[in-house]
Student: 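Can you read through this structure? Questions will come right after.
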Protein chains: 2
Amino acid sequence: MNLLLLSSSRVAGGGYLEHAREAIGDLLGACRTVHFAPYALASHDAYTEQVRAGLAPFGVSVVGLHQLDEPRAAIEDADVLFVGGGNSFRLLKSLQRLGLLEPVRRRVEAGALRYLGSSAGTNMACPTLRTTNDMPIVQPDSFASLGLIPFQINPHYFDPGPGSTHMGETREQRIAEFLEENDVPVLGLREGAWLRRRERQLYLDGRAGARLFRRGAAPEALQPGADLSWLLDVPARFDHPA
Amino acid sequence: MNLLLLSSSRVAGGGYLEHAREAIGDLLGACRTVHFAPYALASHDAYTEQVRAGLAPFGVSVVGLHQLDEPRAAIEDADVLFVGGGNSFRLLKSLQRLGLLEPVRRRVEAGALRYLGSSAGTNMACPTLRTTNDMPIVQPDSFASLGLIPFQINPHYFDPGPGSTHMGETREQRIAEFLEENDVPVLGLREGAWLRRRERQLYLDGRAGARLFRRGAAPEALQPGADLSWLLDVPARFDHPA
């Protein structure tokens, strides 16, 4: 297992994937080709071009899965899969329609396929879509996603501004509602932060850190460098009302 | 048809339902009992007490549907249904599980049941859940909701602050993504605003106004008092990629 799960593809003032360049280089290693899943955005060609430019410093070639006749077969030979951000409902529905979830999961778990996700692509690595921030613009067959880790991530995590008068739920309140229905840890990953998994080791890295939410416990602030390998052993109980 | 669809149950600095007191009184008319659907929040009893206090100025009695053995049968005799806010996925899943969508839709359309919604309750009045802001903490059988109006509402609509450095999508970007997949108007209803439908007449009212989003058109600013009856005749085409 070799995963890099970014909260966001950029941070304020920075270019696309720029803030995570070193970590991406580490994930890619000697791989020369990256397969890219552009389905979270509507314009697949333009999105693939953006990724090609973003990964240019690594000298890799980027293959857009949407340009292939048999994307499912291509996964069987791929070394690295990048699943980009956008709308996670649209992304999951596409991955389901194309039959990509099973081969991606199998090959990542076997250590044959490295996985890079950002934002919605990071949502896909969780057991379900249930902690996305996105609008449910289309209806996937199921909320079940790849499950490359056994807990949930909330990307783009942020705390409300002190002067906010907005009456909608804060991000923390939304996650508290998730915990009312599911006994599963949620890692609120701030923009600029990421998770790195290698086999049974899991670390928080990047900048800005994260907050960990668990049922019945106060939220816990986590700093870059935190060893979160223990989270791989916490049982996940979905549809388990408090 | 007699509907009052609030963006939010309160505005900054105000009490529960306070800002819409006059409009609620107008909807209630001479009705003496309000049936309340508390399913969007986890604590049904506490929520029903809150609503009882909020509607106390009208001298009505409030019946929590969750306290009844046969909520579905109760809908057949109800005069007014209030569907309160919270998590719209949890709400829709409950309404589906209890078989309430069909009788509510039928009786509201027949003019026998008045409908008051706020936030998630307003989402329920739309054809689908697809323009909610909520986290998908549970998976409903389908995103199809009541369809008491033929277009979508986005409650708690707001524009991003000018100094925001957050990289997540703005509300306007989220609605633009919805329009990429669905050719259906979306009314972004600001907190403090509401829609009032009586038969074939539909008006925007309250404070703060709304923004109307349609595929291929610039967003349109709407002021309180705007006659939106024409929106009842615009065809809705879901799963219709641009």
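Throughout, a chain's letter reflects where its sequence line sits, starting with A, and its residues are numbered from 1.
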Student: Tell me the closest heavy-atom pair linking A:Asp141 and B:Gln139, and the distance in Å.
Tutor: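 Looks like O-NE2, 3.6 Å.
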Student: Which bit of A:Leu41 comes within less than 4.5 Å of chain B, counting heavy atoms only: side chain, backbone, both or neither?
Tutor: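 For A:Leu41, the side chain is the part near chain B, not the backbone.
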Student: If we define contacts as heavy-atom pairs under 4.5 Å, which of A:Thr128, A:Leu179, A:Asp134 has the most with chain B?
Tutor: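 Of the options given, most contacts go to A:Asp134.
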Student: Are A:Phe178 and B:Pro136 side-chain neighbours, meaning at least one heavy-atom pair lies under 4.5 Å?
Tutor: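 Side chain of A:Phe178 against side chain of B:Pro136, heavy atoms only: no contact under 4.5 Å found.
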Student: Which heavy atom in A:His166 sits nearest to a heavy atom in B:Arg171, and how many Å separate them?
Tutor: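 Scanning both residues, the minimum pair turns out to be NE2-NH2, 4.1 Å.
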Student: Side chain, backbone, both or neither: which part of A:Asn87 has a heavy atom under 4.5 Å from chain B?
Tutor: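 Answer is both: backbone and side chain atoms of A:Asn87 are under 4.5 Å from chain B.
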Student: Sort A:Asn133 into side chain, backbone, both or neither according to what part of it lies under 4.5 angstrom from a heavy atom of chain B.
Tutor: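 Interface part for A:Asn133: both.
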Student: Closest approach of B:Ala42 and A:Glu180, non-hydrogen atoms and distance?
Tutor: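 Residues B:Ala42 and A:Glu180, closest heavy atoms: CB-OE1, 3.4 Å.
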Student: How long is the straight-line distance from CD of A:Gln173 back to CE of B:Met135, given to the nearest 0.5 Å?
Tutor: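 So the gap between those two atoms works out to 11.5 Å.
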Student: Tell me, side chain or backbone of A:Phe89 under 4.5 Å from chain B's heavy atoms, or both, or neither?
Tutor: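 For A:Phe89, the side chain is the part near chain B, not the backbone.
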Student: Can you tell me how far OG of B:Ser9 sits from CE of A:Met167, rounded to the nearest 0.5 angstrom?
Tutor: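 Here the rounded value is 9.0 Å.
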Student: Is B:Glu177 close to A:Ile137 at the side-chain level, that is, under 4.5 Å between some pair of heavy atoms?
Tutor: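 They are in contact (side-chain heavy atoms under 4.5 Å apart), so the answer is yes.
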Student: Which bit of B:Phe158 is near chain A, if near means a heavy-atom gap under 4.5 Å: side chain, backbone, both or neither?
Tutor: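 The answer is the side chain of B:Phe158.
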Student: With a 4.5 Å cut-off on heavy-atom pairs, point out which of B:Gly13, B:Pro241, B:Ser142, B:Pro155 contacts chain A the most.
Tutor: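 Answer, by heavy-atom pair count under 4.5 Å with chain A: B:Ser142.
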Student: So which part of A:Asn154 gets closer than 4.5 Å to some heavy atom of chain B, the side chain, the backbone, both or neither?
Tutor: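 Only the side chain of A:Asn154 comes within 4.5 Å of chain B.
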Student: Among B:Glu169, B:Gln152, B:Arg10, B:Arg90, who wins on heavy-atom pairs under 4.5 Å with chain A?
Tutor: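 Sorted descending by pairs with chain A, the first entry is B:Arg90.
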